[in-house]
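Here the structure comes first, spelled out in structure tokens, and everything after it is commentary.
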Amino acid sequence: MFDGFLDDLKRMNKRQFLYQVLSFGMIVSSALMIWKGLMVFTGSESPIVVVLSGSMEPAFHRGDLLFLTNYEEEPVRVGEIVVFKIEGRDIPIVHRVLKLHEKNNGTIKFLTKGDNNSVDDRGLYAPGQQWLEKSDMVGRARGFLPYVGMVTILMNEYPKVKFAVLACLGLYVLVHRE
Amino acid sequence: MHSLLSRGNSVLAYTLSVLVTLTFACFLSTILVDYRTGTEMQTLKIEVKNLPEYGVSKKINDLGHITFNLDTDLTSLFNWNVKQLFVYMTAEYETPTNALNQVVLWDKIILRGENSNLRLKNMRTKYYFWDDGNGLRGNKNVTLTLSYNIIPNVGRLPIVGAIGSHTFSFPSQYTR
């Protein structure tokens, strides 16, 4: 198999090689375009997230995929599953809104809790932080797709898998001809 | 032409596309389902205290104490694309400082196959009913509503409010 790839490479002339490089670039840039387009469309800085912990079980398990929106005009209400960022933590958290207070001028503060946790999230927030605000929010869960995120978890936990997959894909795209 | 690799590849590709199609069909088949249903709620004991919320702040806030009855049958909500219901009861009210306050007092996870006919009598709340300030004493318009978040096998995550609510007022004296 690998010999075949090498043979293909040898038989290629400069033009063909350039063409393959360009089509590889097309694939990368259209993937980026779709992601950025989704960001504009959903208003969320991260429209698709993978669930990384079991704190929302049995609703969401590790490796499930969530689709988020973050529209400014839609108010946050209790019971919604929000994804939020905490200062000093890299990974956003997916939990449910438990309490919400909206001031007369429209500013809100809310408290969250994981379905599978016995206490609210005040212990997870930054030291001294009692409430979340709208600016902490990355998005609200709107759609659910099970298991698919397992792929990214595998890749993140075993970087060698990631590099192997990337190398195979790259080689295939560069060498493959219709 | 028909090497092991190419056969494996086509089997895998076909399996994947069948799975994707079935999953999408499952999502489409329940997209228009109307999940509304009715509920009845009553409150029994209603008290309000004025205490500091220990461990959170030194401010003295109002703490409500209620017990409630809840009567609802959610069995009809389950279809093939409902994995779990997250049922919760919310107290909603207005105070001079806040235009809207929502506090979840009780919730329950109902998995498919579990009893979803809820007949609760004289229940205590699962979470504390802390106000953000002193807006509970003498509050004449606190509304209890029941909502549920439908967790599907695949698809949307709708939040539906049950038809029916219960409005009560807090006494104008603190209980000691």
Side-chain angles (χ1 to χ4, degrees), chain A residues 1-2 4 51 56-61 64-69 74-82 94-120 122-123 125 128-131 139-148 172, chain B residues 3 5-6 19-20 23-24 27 53 55-57 59 81 83-105 107-112 114 126-133 135 145-161:
Chain A
M1 196 185 87
F2 198 68
V51 178
M56 284 296 278
E57 279 179 18
F60 305 147
H61 297 268
D64 292 346
L65 220 61
L66 294 179
F67 298 91
L68 311 183
T69 62
E74 268 181 42
V76 188
R77 290 295 176 252
V78 289
E80 283 185 305
I81 300 164
V82 294
V94 184
H95 279 175
R96 201 183 286 276
V97 178
L98 183 73
K99 264 176 109 170
L100 180 139
H101 299 289
E102 186 173 323
K103 286 250 177 294
N104 293 320
N105 62 13
T107 55
I108 56 163
K109 56 179 186 180
F110 55 95
L111 177 67
T112 53
K113 175 184 169 289
D115 288 1
N116 200 22
N117 296 349
S118 50
V119 290
D120 62 48
R122 282 199 170 121
Y125 297 165
Q129 185 179 9
Q130 306 290 359
W131 301 95
R140 274 170 273 180
R142 293 284 177 214
F144 171 76
L145 186 64
Y147 305 122
V148 178
Y172 179 76
Chain B
S3 67
L5 211 70
S6 70
L19 271 178
V20 167
T23 311
F24 195 68
F27 156 64
E53 193 175 348
V56 175
S57 72
K59 249 174 64 187
N81 198 14
K83 180 171 83 176
Q84 181 212 307
L85 291 181
F86 182 86
V87 190
Y88 58 99
M89 192 179 79
T90 315
E92 204 174 303
Y93 58 98
E94 201 181 315
T95 57
T97 46
N98 293 325
L100 173 76
N101 300 275
Q102 288 187 311
V103 180
V104 173
L105 298 181
D107 63 23
K108 186 176 171 59
I109 291 169
I110 304 176
L111 285 167
R112 173 205 288 284
E114 287 179 353
K126 187 171 162 187
Y127 305 108
Y128 286 114
F129 191 172
W130 284 108
D131 181 41
D132 176 42
T145 52
L146 188 80
S147 320
Y148 30 91
N149 184 202
I150 289 155
I151 316 287
N153 292 315
V154 62
R156 296 187 320 123
L157 292 158
I159 287 181
V160 189

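Letters A, B, ... mirror the listed sequences (proteins, then strands); counts begin at 1.
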Quick check against the 3.5 Å criterion: does [X] have a side-chain atom that pairs as donor or acceptor with the backbone of [Y]?
X: B:Asn98; Y: B:Thr95; answer: no
X: B:Asn101; Y: A:His101; answer: no
X: A:Arg96; Y: B:Phe86; answer: no
X: B:Gln84; Y: A:Ala59; answer: yes
X: A:Gln130; Y: B:Val56; answer: yes
X: A:Asn116; Y: A:Pro58; answer: no

For chain B, which of A:Arg122, A:Lys113, A:Glu80, A:Arg142 has the most heavy-atom pairs under 4.5 Å?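 Result: the option with the highest number of such pairs is A:Arg142.
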
Given a strict heavy-atom distance threshold of 4.5 Å, which part of [X] is in contact with chain A: side chain, backbone, both, or neither?
X: B:Leu111; value: side chain
X: B:Leu100; value: both
X: B:Tyr93; value: side chain
X: B:Pro158; value: neither
X: B:Thr90; value: side chain

Please find the pair of heavy atoms, one from B:Ala91 and one from B:Phe129, that lie closest to each other, and give the distance.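 The pair with the smallest heavy-atom distance is CB-CZ, 3.6 Å.
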
Within residues 103-112 of chain A, residues adjacent to chain B where the heavy-atom gap is under 4.5 Å: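 From residues 103-112 of chain A, the residues near chain B are A:Lys103, A:Asn104, A:Lys109.
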
Should the pair A:Phe144 and A:Phe60 be assigned to parallel (<30°), tilted (30 to 60°) or perpendicular (>60°) ring geometry?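 Because their plane-to-plane angle is under 30°, the rings of A:Phe144 and A:Phe60 count as parallel.
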
Ignoring hydrogens and geometry beyond distance, is a side-chain donor-acceptor pair present between B:Asp107 and B:Tyr127 at under 3.5 Å? yes

